[in-house]
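Accompanying notes for the structure given below.
Counting convention: from 1, in listed order, for ligands and their atoms alike. The figures here come from the full heavy-atom set of this structure, side chains too, leaving out hydrogens, waters and symmetry mates.
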Amino acid sequence: MATLYCQYKALNAVAWRKCEPVVMEASADTTTITTSPCTLAGRIAFVTGGGSGIGRACCQVLAREGARLVVTDINLQAAKHTLTLLPGGQQHVAVAMDVSDRRSVEDTMKSAQDQCGAPPSLLVNCAGVSTFASILDDDSWQKIIAVNLTGVFLVTQAFARSLLENGRDSKGAVVNIASILGKTGFAEMSGYTASKGGVISLTKTCAAELASKAIRVNCVLPGLIDTPMTAAVGEENIKKVMPLITLGRSGRPEEVAEVVAFLLSERSSYMVGACVEVTGGYGM
Ligand SMILES: NC(=O)c1ccc[n+]([C@@H]2O[C@H](COP(=O)([O-])OP(=O)(O)OC[C@H]3O[C@@H](n4cnc5c(N)ncnc54)[C@H](O)[C@@H]3O)[C@@H](O)[C@H]2O)c1
């Protein structure tokens, strides 16, 4: 893909700057490849948990790719701060939303559509919480499932309804941020790992159901990524995990966000129900 990027850049620097599609002839046969280096120009992207960490990085990368952002977070101040980091400042909006509250989700989706003049056609379900506690005395189960799993369900439902009812061109894409721990499990994280396992299977079910309606759904399984959530895990726990990471380091939020942007773009047009691991080799 890097080679293609360079070719496109060299072939049509003007189109690159304007985010216009570039058409080029493939060398080996007569196939015409049509794509755009700014892959999301003109699209409206709705991001949950956009006020911090991976969600914020997703907003930054999607804005760089030309999307108009609806940055949502339970923490409005944090979402507003994300806005200040985005190119094309005025066109983006920040909204307070609790993913675990159906009313909040439905109202926010409607207000996003009103403010942008069209329904969002891209969605990143990134909001999440985590806790550490033994299954013997953990009482955080309901809260974690409500945010990490029910939240993904509620936002995806509101997004799909809004797009299918009101989208002129209803082609859509969804990326859910699960976790590699949803596949591997992890001691003292019962609610978290179960919620993320649920997100993986929910992704596949939504993918199967929505593909025929031109909405592709995929998910990303990050490993250990440097964010405020990880900082709360504590150095001792991080030290235990580090030797299990093949690359020997934690990831950066933008390393996840680049994969999210790819999955939302037409560059991944044949990917449906995929779970892409972004882990530096942990848990493979
Ligand atoms: N950091 C990691 O190592 C890692 C690894 C795998 C998966 N993830 C997942 O990535 C996602 C982002 O995590 P992060 O590391 O960037 O964490 P983070 O704490 O930096 O960001 C999470 C964001 O979600 C928001 N949020 C929390 N509850 C919410 C709610 N009810 N409604 C709306 N927003 C809410 C928070 O305000 C915060 O801005 C999460 O789903 C997390 O489980 C993170």
Proximal protein residues to ligand 1, non-hydrogen atoms under 4.0 angstrom: Gly49, Gly51, Ser52, Gly53, Ile54, Asp73, Ile74, Met97, Asp98, Val99, Cys126, Ala127, Gly128, Val129, Val147, Ile177, Ala178, Ser179, Tyr192, Lys196, Pro222, Gly223, Leu224, Ile225, Thr227, Pro228, Met229, Thr230
Arg64 bridged to Glu258 by N-O distance under 4.0 Å: yes
Pairs meeting criterion side chain to side chain donor-acceptor pair (under 3.5 Å) with involvement of residues 205-218, two or more places apart: Arg216-Ser268
Side chain to side chain donor-acceptor pair (under 3.5 Å): pairs with one or both residues in residues 93-107, sequence neighbours excluded: Asp98-Ser100, Arg102-Glu106, Arg102-Gln157
Whether over 12 other heavy atoms sit under 6.0 Å from Ile135 CD1: no
Within 6.0 angstrom of Gln142 CD, more than 12 heavy atoms from elsewhere: no
Just distance, no hydrogens or angles: give the donor-acceptor pairs under 3.5 Å from side chains in residues 236-247, sequence neighbours left out.
| from | atom 1 | to | atom 2 | distance (Å) |
| --- | --- | --- | --- | --- |
| Asn237 | ND2 | Val233 | O | 3.0 |
| Thr246 | OG1 | Gly281 | O | 3.3 |

